[in-house]
Amino acid sequence: MLDLLVHHATLPDGRTDMSVAVQDGRITEVACGLQAPAAETVDAQGLLLSPPFVDAHFHMDAMLSYGLPRVNASGTLLEGIALWGELKPQLTFDALVERALTYCDWAVARGMLAIRSHVDVCDPRLLAVQALLEVKRRVAPYLDLQLVAFPQDGALRDPQALENLQRALAMGVDVVGGIPHFERTMEQGAQSVRLLCELAAAQGKLVDLHCDESDDPLSRHIETLAFETQRLGLQGRVTGSHCTSMHSMDNYYVSKLLPLVAEAGVSVVANPLINITLQGRHDSYPKRRGLTRVPELLAAGVNVAFGHDCVMDPWYSLGSADMLEVASMGLHVAQMTSQAAMRQCFDAVTTSPARILHLEGYGLEPGCHADFVLLQAHDPVEALRLRATRLQVFRRGKRVAQSPAATATLHLPGRANTVSWMHSSR
Ligand code: FE2
């Protein structure tokens, strides 16, 4: 007897009336109209069953700290970094753990079961590293938390950063981070990219650098990152995050750059909510959007994900762990409005970030972990339009969250008495 059988599901690839069979936490079969005895049966009623949402770029040490010790008055990246520096000495282990656990609750309720979080290593106590390693251990049954050793104040600009970063890796942090555009000079930025990639290659770690989060068209560390990736044989193991300067770069230069990024197998994470608010702050009008060139990167064959980056922290005062909100903003800012592009936006918060995190057993194929989300939508486009309610969330075949369907009762003469806003274009 199966542990769980979901039937009458629509899958993100468009297949309808599909059944998903689960045994011992894994998917054993995916087929049309499957009949089999199961301990529990879920009727999806034609709605979308998706693999879980994944956030490839987040800062779990800073989130939910909005207003501590003050708000970011200018709304700029640099004031946010300064504000985070003021807050860091006031952090406590218990408060860090409690805020992170709260956020993981929000994530699970939104069907997000994997997060890559950067953690600042420029505090010699490595308090946030200790706290998030504890959180990683505690949430492991229901959420994959991957940590990046992130030298927020610059791997070279802060004299202790590289040593602290190596200590963090030794403590169990998974990924090497960096911030080349924040180093003192372009040369130091390029040197930091080389050093950090060499460190990752020597220790068998993945790489994820904050790369060119700037409106400066000459911030070209992504070029160095692609070069070092290829030189060190790190293809498929490296990510450039933000890459907003690409928005402002010269088109001719970009036409050379994109094939190099694709050839090196470097993934890119765009963070639309945060970068549409942070970038272009030095502009009057016209005001640049500052999001990296998502459709062009995709067309060049680059794996692109959308990240949440921030929730209620020194850089961004909003957010609620909703990756459909993130994808919706990316869709709008990048003008990805064709049916195919909208589906790519859905992939950018599911399958694409799963590749970046190297998640084992992710997907809706036989043999994958039985992790999935039943959405109150008929297809990925409708899910984006409605930021669809996560009706049921499963992890290893067990229900970990559920929400009532979004609906309203109407009191209009001669009209239906409820609405749910669903109107599939299929
Ligand atoms: Fe970030």
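Residue indices begin at 1 and follow the sequence shown. The structure displayed is predicted, hence computed values, not measured ones. Side chains included, hydrogens not; waters and symmetry mates left out as well; all remaining heavy atoms used.
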Gln160 versus Asn164, side-chain donor and acceptor atoms under 3.5 Å = no

Mind checking the CG-OG spacing from Leu87 to Ser65? Nearest 0.5 Å is all I need.
-> 5.0 Å

May I ask you to say whether Arg396 pairs ionically with Asp371, meaning some side-chain N is under 4.0 Å from a carboxylate O?
-> yes

With distance as the sole criterion, is a donor-acceptor pair present between the side chains of Glu360 and His369 under 3.5 Å?
-> yes

Going by distance alone, is a donor N or O of one side chain under 3.5 Å from an acceptor N or O of the other, for His242 and Asn271?
-> yes

Which heavy-atom pair separates Gly280 from Asp215 by the least distance, and what is that distance?
-> N-OD2, 2.7 Å

Once the angle between the rings of His57 and His118 is folded into 0 to 90°, is it parallel (under 30°), tilted (30 to 60°) or perpendicular (over 60°)?
-> tilted

Return yes if some donor-acceptor pair links the side-chain N/O of Arg138 with the main-chain N/O of Leu101 below 3.5 Å, else return no.
-> no

Without hydrogens or angle criteria, can the side chains of Asp208 and Ser241 be said to hold a donor-acceptor pair below 3.5 Å?
-> yes

Salt bridge or not for Asp144 and Arg395, using N-O below 4.0 Å?
-> yes

Report the distance from atom CZ of Arg220 to atom CG of Asp250, rounding to the nearest 0.5 Å.
-> 7.5 Å

Sort out for me which residue in Asp61, Asp123, Asp153 forms a salt bridge (charged side-chain N to carboxylate O under 4.0 Å, His left out) with Lys88.
-> Asp153

State, to 0.1 Å, how close Leu364 and Pro51 come at their nearest heavy-atom pair, and which atoms those are.
-> CD1-CD, 3.7 Å

Taking Asp212 for the side chain and Ile222 for the main chain, is one N or O donor matched with an acceptor at less than 3.5 Å?
-> yes

Using modelled atom types only, decide if a donor and an acceptor are shared between the side chain of Arg343 and the backbone of Pro380 within a distance under 3.5 Å.
-> no

Donor-acceptor contact below 3.5 Å, side chain Gln152 vs main chain Gly85 = no

Donor-acceptor pair, side chain of Glu382 and main chain of His423, under 3.5 angstrom | yes

Between Leu47 and Met422, the two heavy atoms sitting closest are CD2-SD, 4.1 Å

Given Ser267 and Arg355, is the side-chain hydrogen bond (donor to acceptor under 3.5 Å, both in side chains) satisfied, shown in steps?
-> CA-CA 9 Å; Ser267 292; Arg355 282 172 63 193; 5.9 Å; no

If you measure from the Lys or Arg side-chain nitrogens to the Asp or Glu carboxylate oxygens, is any gap between Arg390 and Asp322 under 4.0 Å?
-> yes

Please check if the side chain of Asp313 supplies one atom and the backbone of Ala62 the other of a donor-acceptor pair under 3.5 Å.
-> no

What heavy-atom pair brings Phe306 and Cys345 nearest, and what distance separates the two atoms?
-> CE1-SG, 3.9 Å

Donor-acceptor under 3.5 Å (Arg288 side chain, Gln279 main chain) | no

Hey, is the main chain of Asp347 close enough, under 3.5 Å, to the side chain of Ser352 for a donor-acceptor pair?
-> yes

Heavy-atom pair with the smallest gap, counting every atom of Trp421 and Ala408 = CH2-CB, 3.9 Å

Fit a plane to each ring of Phe394 and Phe372, take the angle between them on a 0 to 90° scale, and name the class: parallel (under 30°), tilted (30 to 60°) or perpendicular (over 60°).
-> tilted

Indicate whether any N or O donor in one side chain lies under 3.5 Å from an N or O acceptor in the other, for Arg387 and Ser328.
-> no

Value rounded to 0.5 Å, distance of CG in Leu291 from CE in Met246 = 10.5 Å

Regarding Glu79 and Ser74, is there a side-chain donor-to-acceptor distance under 3.5 Å anywhere?
-> yes

Under the 3.5 angstrom rule, does the side chain of Arg167 hit a backbone N or O of Pro124 as a donor-acceptor pair?
-> yes

Please say whether more than 12 non-hydrogen atoms of neighbouring residues, nucleotides or ligands are located less than 6.0 Å from OH in Tyr142.
-> yes

Within 45° of the six-membered ring axis of Phe182 and under 6.0 Å from that ring's centre, is NZ or CZ of Arg157 located there?
-> yes

Could you tell me how the ring of His59 sits relative to the ring of Trp315: parallel (under 30°), tilted (30 to 60°) or perpendicular (over 60°)?
-> tilted

Is any side-chain N of the basic residue among Glu198 and Arg231 closer than 4.0 Å to the acidic one's carboxylate O?
-> yes

Sub-3.5 Å donor-acceptor pair from the side chain of Arg99 to the main-chain atoms of Met63, do we have one?
-> yes

